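Values in this document were obtained by computation on a predicted structure and should not be read as measured data. Along the sequence shown, residues carry numbers from 1. Atom set for the values below is all heavy atoms of this structure, side chains included, hydrogens, waters and symmetry mates excluded. First listed ligand is number 1; within each ligand, the first listed atom is number 1.
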Amino acid sequence: MSFEDLIRDIYQNIQQLEDRGETASYIPELSRIDPSNFGVHISTIHGDQFGIGNCYDKFSIQSISKVLSLILAYRILDHKIWDRVGVEPSGTAFNSLFQLEADQGVPRNPFLNAGAIVVSDILLSHLKHPKADFIDFVRTISNNTTIDYSSRIAQSEKEVGYRNVALCNYIKSFGQINNEPSDVLDFYYDLCSLEMSTKDLSELFLFLAHDGRDIASNKRILNERQSKRINALMQTCGFYDESGEFAFKVGLPGKSGVGGGIIAIHPDQYSIAVWSPKLNKKGNSYKGMKFLEAFTTRSELSLF
Ligand code: GLN
């Protein structure tokens with residue numbers, strides 16, 4: 001069966017499933033999203049593309065942006081970045097505080113909120129115009145000028161960001177944040193507010209299926225070693241305390257966001273994005289996980 005027929009078939013099956021998840025109500029603007037949205041888009045390294053459902057609608061990618069901020073910081077600091085943030089799965093929720101004390105303010109990995117806050121601090125220290133430079137970077141590597149922040153989402157998150165304020169201040173107390181916490185957090189909320197469609201996401205992340213090179217221009221975004229490591233981190237840490245479950249059921253590097261999006265990469269094959277806003281208890285898209293599990297199972301293509 002072709003990818004297109006398979007995606008169509010699985011999409012119809014999953015759409016009929018009872019959606020057992022809940023939208024992310026802790027960010028008020030996210031709870032207003034129509035939970036029936038459901039989109040899927042795949043881009044292959046051979047240039048094939050296919051999308052279905054709400055695949056062209058932009059939504060809040062939230063923590064998926066942590067991969068992009070990490071990539072930019074990794075390009076700037078290379079391996080020195082690992083002095084500031086670890087590479088171990090945490091087995092904890094995305095917004096957990098509790099390992100930070102034992103780890104002296106060095107977050108276990110860059111995809112936890114704590115880790116992404118440290119990455120935001122690194123970017124603030126190295127970019128002249130952090131907000132403008134970051135969006136330029138994303139637009140350049142994706143060749144997509146329609147990608148933008150949502151000030152509405154960023155503001156909504158800021159108003160209720162008590163947990164992130166605690167994380168940032170706590171890390172600062174260990175001397176692991178160099179800038180003013182309020183500046184770091186404003187930038188972090190901007191990063192999380194990026195809006196993209198599943199089509200935008202699958203096109204943008206395809207370079208990670210291609211050893212770090214853009215498909216069309218063959219230009220390097222990351223070197224091979226860096227690209228391998230980003231994929232490894234997505235594989236081991238991309239779904240917080242559900243990372244093992246995602247590897248077990250889907251078997252690909254991936255990253256989720258509380259907006260209900262998931263991106264998954266099959267090295268040397270494709271990148272696929274799914275969006276369905278209702279989340280399971282671990283904060284990952286309920287239908288998105290089910291879709292990808294069925295897709296890698298039925299296509300008989302995964303890393304394992
Ligand atoms: N912006 C969200 C937060 O800081 C990101 C969480 C996520 O997508 N898992 O809580």
Applying the side-chain contact (heavy atoms from CB on, under 4.5 Å) criterion to Asn178, which one of Val184, Asp121, Ile122 satisfies it?
Asp121
Under 4.0 Å from a heavy atom of Gln62: give me the atoms of ligand 1 that qualify, with their elements.
1 (N), 2 (C), 5 (C), 8 (O)
Within 4.0 Å of some non-hydrogen atom of Tyr26, the atoms of ligand 1 are 2 (C), 3 (C), 6 (C), 10 (O)
What I want to find out is whether Lys58 reaches Asp148 closely enough, with some N-O distance under 4.0 Å, to be called a salt bridge.
no
Residue pairs, two or more places apart or on separate chains, that pass ring pair (Phe, Tyr, Trp, His ring centres under 6.0 Å) and touch residues 115-157
none
Is there a polar contact between ligand 1 and Ser256, counting only N or O atoms under 3.5 Å apart?
no
Does ligand 1 have an atom that lies less than 4.0 angstrom from a heavy atom of Asn113?
yes
For residues 69-106, which residue pairs pass the ring pair (Phe, Tyr, Trp, His ring centres under 6.0 Å) check, not counting sequence neighbours?
Tyr74-Trp82, Phe94-Tyr240
Salt bridge between Lys290 and Glu293, side-chain N to carboxylate O under 4.0 Å?
no
Per-atom contacts, ligand 1 versus Phe94 - under 4.0 Å to a heavy atom
6 (C), 9 (N), 10 (O)
Flag the pair Asp5 and Arg8 as a salt bridge only when some basic side-chain nitrogen lies within less than 4.0 angstrom of an acidic carboxylate oxygen.
yes
Return a yes/no value for Val258: is any of its N or O atoms, backbone included, closer than 3.5 angstrom to an N or O of ligand 1?
yes
Looking at Asp136, I'd like to know if its CG atom is crowded, meaning that more than 12 non-hydrogen atoms belonging to other residues, nucleotides or ligands lie closer than 6.0 Å.
yes
Atom indices of ligand 1, in the order listed, that fall short of 4.0 Å to a heavy atom of Cys192
1 (N)
Backbone or side-chain N or O of Lys66 under 3.5 Å from ligand 1 N or O:
no
Atoms of ligand 1 less than 4.0 Å from Gly257 heavy atoms?
8 (O)
What are the atoms of ligand 1, with element, lying closer than 4.0 Å to any heavy atom of Asn164?
3 (C), 4 (O), 10 (O)
Would you mind checking which non-hydrogen protein atom is closest to atom 4 (O) of ligand 1, with the distance to 0.1 Å?
Tyr188 OH, 2.6 Å
Strictly below 4.0 Å, N to O, side chains only: are Lys128 and Asp133 in salt-bridge contact?
no
What protein heavy atom sits nearest atom 5 (C) of ligand 1, and how far off is it?
Ser63 OG, 3.2 Å
Please determine whether a side-chain nitrogen of the Lys or Arg among Glu245 and Lys249 lies less than 4.0 Å from a carboxylate oxygen of the Asp or Glu.
yes
Indicate, as side chain, backbone, both or neither, the part of Glu157 found under 4.0 angstrom from ligand 1 when only non-hydrogen atoms are considered.
side chain
